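A short write-up of the structure that comes next.
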2 protein chains.
Amino acid sequence: MARPSRAPVAPPAEEGNRRAELIRTAGRLFREKGFDATTIRDIAAAVGMRSGSPFYHFKSKQDLLKAVMIEGLDVALVGMRAVAGRGGSPEELFRDLVHAHLRLILDPANDFSILLYEWRSLTEESRAEVIAAKDRYEEVWRVALEPLVEQGRIGGGRLAHLFVFGALNWIVQWYHPEGGLSIDQVAGKAVDFLLRP
Amino acid sequence: MARPSRAPVAPPAEEGNRRAELIRTAGRLFREKGFDATTIRDIAAAVGMRSGSPFYHFKSKQDLLKAVMIEGLDVALVGMRAVAGRGGSPEELFRDLVHAHLRLILDPANDFSILLYEWRSLTEESRAEVIAAKDRYEEVWRVALEPLVEQGRIGGGRLAHLFVFGALNWIVQWYHPEGGLSIDQVAGKAVDFLLRP
DNA sequence: CCTACCGATCGGTAGG
DNA sequence: CCTACCGATCGGTAGG
C-alpha cells in the first residue's frame with residue numbers, strides 16, 4: 001500500500017548478485033573439497049538458501065561448475081592481456097606473466113586453480129567450451145615464450161610452454177602462505193628456475 | 001572323497017590374488033573416473049564379484065584407495081633405488097631418473113598417477129601413511145638433484161625439486177601415446193628443458 | 001526463491 | 001564370497 005507499483009520491471013542487479021554469489025561460493029567449495037564431494041546442499045547452505053534453490057539459477061550442478069571455470073578463465077584472460085599489452089623485452093614480459101599467473105592460481109580468494117584439476121567432472125560439451133577459453137589463455141603464453149625459446153633462454157623446444165605450465169601449476173600442490181615465502185618471492189624463484197641466464 | 005584332506009591349511013596364493021586383482025582394477029578405475037565417481041559396484045563388477053564382496057578384502061573404499069597408493073609408491077621406490085644404485089655422473093643419474101619416473105607415471109598399465117591427484121580423498125590417517133611413503137620417494141630425487149643445482153645446471157635453488165616435479169608430473173595432463181612421441185622421447189625433451197647446457 | 005518430495009544410488013553390513 | 005538389505009544422501013523437480 002505505502003509503496004506504489006513503481007517497482008522495477010526486470011529484476012535488477014540483485015538477481016545477478018545472487019548468481020555471482022553462487023559462483024563464488026561454489027568455486028571456493030569445489031576448490032576446498034572437490035566437485036564430487038561438494039553437494040548442492042553445501043553450496044545452498046553457504047549462501048543462505050534452501051537445497052532446491054540453486055536450481056533456479058543453474059539448471060544442473062555441472063552447469064554451475066562450467067560457470068565457475070569460464071568466469072575464472074575470463075578474469076584470467078583479461079589480466080594476462082593487460083600484462084601482455086604493457087610492452088617490454090621478452091624477458092620482462094615473461095617475468096610479468098609468471099608473477100600474474102601465480103597471483104591468479106595461488107590467491108585463495110581466487111578459484112582459478114580448480115580449472116587445473118576438475119576437467120574430468122565436466123560433460124563433453126561443457127569441456128569443449130572450457131577448453132576453447134583455455135586455449136585463448138595459453139595462446140598469450142605461447143607467443144610470449146617463442147622468442148625466449150629461440151634465444152635458448154628456455155629449453156624444451158616446441159614443448160616448452162607445457163613444461164612451464166607444469167612447473168608453475170604444480171605450485172598449488174605445495175605452496176602455503178605461512179611457509180615464509182610470498183607469492184612474488186615464489187614467482188622470482190620460478191623465473192630463476194625456468195629462465196637460463 | 002577322491003581327494004584326501006591334504007588341502008593347504010592357510011588359504012594360499014588365491015586369496016592374495018583376488019586382493020591384488022581388486023587393487024589393480026580399482027587403481028585403473030580411480031585413474032579413469034576419479035575416486036568419488038568410481039563406485040564399489042563398478043570395481044566389484046569389473047573383477048566379477050557382487051557389490052558387497054570387496055568389503056571382505058578391504059574394510060572401506062578409503063582403505064582400498066590407500067592400498068592402491070601405497071602399492072604404487074612401493075613399486076616406484078624399488079624402481080628408483082635400482083636406478084640410483086646404477087652409479088654414473090650426476091647428469092647421467094638425473095637422465096635415468098627422469099626416464100624412469102615418466103615411464104612410471106605415463107604407462108597406462110600403471111596407476112601411479114592417481115597418487116598425484118587424489119590426496120583429498122584420503123582420510124587424515126591414511127594421508128599421513130601415504131605421505132611418509134612419498135617422502136621416501138622424493139628423498140631419492142633431492143639427493144640426486146643437489147650436485148646439479150650446485151653446479152648451476154638446474155635453477156631454482158632449494159625449490160628446484162618442486163619445480164622439476166611440476167614440469168614432469170604435469171605431463172600426465174597433456175601426453176597421449178598417439179601424439180607421435182614415445183615416452184622416452186618426451187623424457188628427452190624434459191631433460192632438455194630442465195637441464196642447462 | 002521455498003516447501004515438500006521423488007527416484008536413484010551408494011557405502012556398508014548381517015548372516016550365511 | 002553371495003544374498004538381501006539398510007540408512008543416508010544426493011541431484012533434481014513440481015508447484016507455488
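As the structure is a prediction and not an experimental result, all values here were calculated from the model. So that the names make sense, note that chain A is the first sequence line, chain B the second, and so on, each numbered from 1.
Side-chain proximity of A/M49 to C/dC2, C/dG11, D/dG12: nearest is C/dC2. With C/dG12, C/dC2, D/dT3 as the choices, the nucleotide that has an atom nearest any side-chain atom of A/S53 turns out to be C/dC2. Taking the side chain of B/S51 as heavy atoms from C-beta on, and the options C/dT3, C/dC1, C/dG12, the nearest nucleotide is C/dG12.
B/T39 comes within contact range of the sugar-phosphate backbone alone, with a heavy-atom separation under 4.0 Å but no base atom that close.
The residue among A/S60 and B/H57 whose nearest nucleotide of DNA chain D lies closer to the 5′ end is B/H57. Where A/R41 and A/G48 meet DNA chain C, the nucleotide closest to each residue was compared, and A/G48 sits on the side nearer the 5' end. Each of B/A37 and B/K59 has a nearest nucleotide on DNA chain C; the 5'-most of these lies closest to B/A37. Comparing A/D42 and A/G52 by the nucleotide of DNA chain D that holds the closest heavy atom to each, the one mapping nearer the 5' end is A/D42.
Using N1 to N3 plus N6-O4 or O6-N4 for Watson-Crick, or N1-O2 and O6-N3 for G-U wobble, each under 3.5 Å, C/dG16 pairs with D/dC1. D/dC6 is paired with C/dG11 under the Watson-Crick or G-U wobble criterion, all donor-acceptor distances under 3.5 Å.
Rounded to an integer number of Å, the gap from CD of A/E21 to P of C/dC1 is 8 Å. C/dC1 atom P lies 10 Å from atom CG of A/N17, rounded to whole Å. At whole-Å resolution of the value, OH in B/Y56 and P in C/dG11 are 21 Å apart. Across the protein-nucleic acid pair, A/I40 atom CD1 and C/dC2 atom P stand 14 Å apart, rounded to whole Å. If you take NZ of A/K61 and C1' of D/dT9, they are 12 Å apart, rounded to a whole angstrom. Following rounding to the nearest Å, A/D36 (CG) and C/dT9 (P) show an atom-to-atom distance of 16 Å. In this structure, B/I43 atom CD1 and C/dG12 atom P are separated by 11 Å, rounded to whole Å. Rounded to whole Å, atom P of C/dC5 lies 14 Å from atom CZ of A/R50.
A perpendicular orientation is assigned to the rings of A/W174 and B/F163, their planes being inclined by more than 60° (bins at 30° and 60°). Taking the six-membered ring where the residue is Trp, B/W141 and B/Y137 present tilted rings, their angle falling between 30° and 60°.
A donor-acceptor contact closer than 3.5 angstrom links the side chains of A/E118 and A/S121.
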Side chain to side chain contact (heavy atoms under 4.5 Å, CB included), that's the test. Do B/R103 and B/D184 meet it? Break it down for me. CA-CA 8 Å; B/R103 274 196 287 264; B/D184 278 328; 2.9 Å; yes
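Cation-pi geometry between B/K66 and B/F58 is not met: the NZ or CZ atom fails to fall both under 6.0 Å from the ring centre and inside 45° of the normal.
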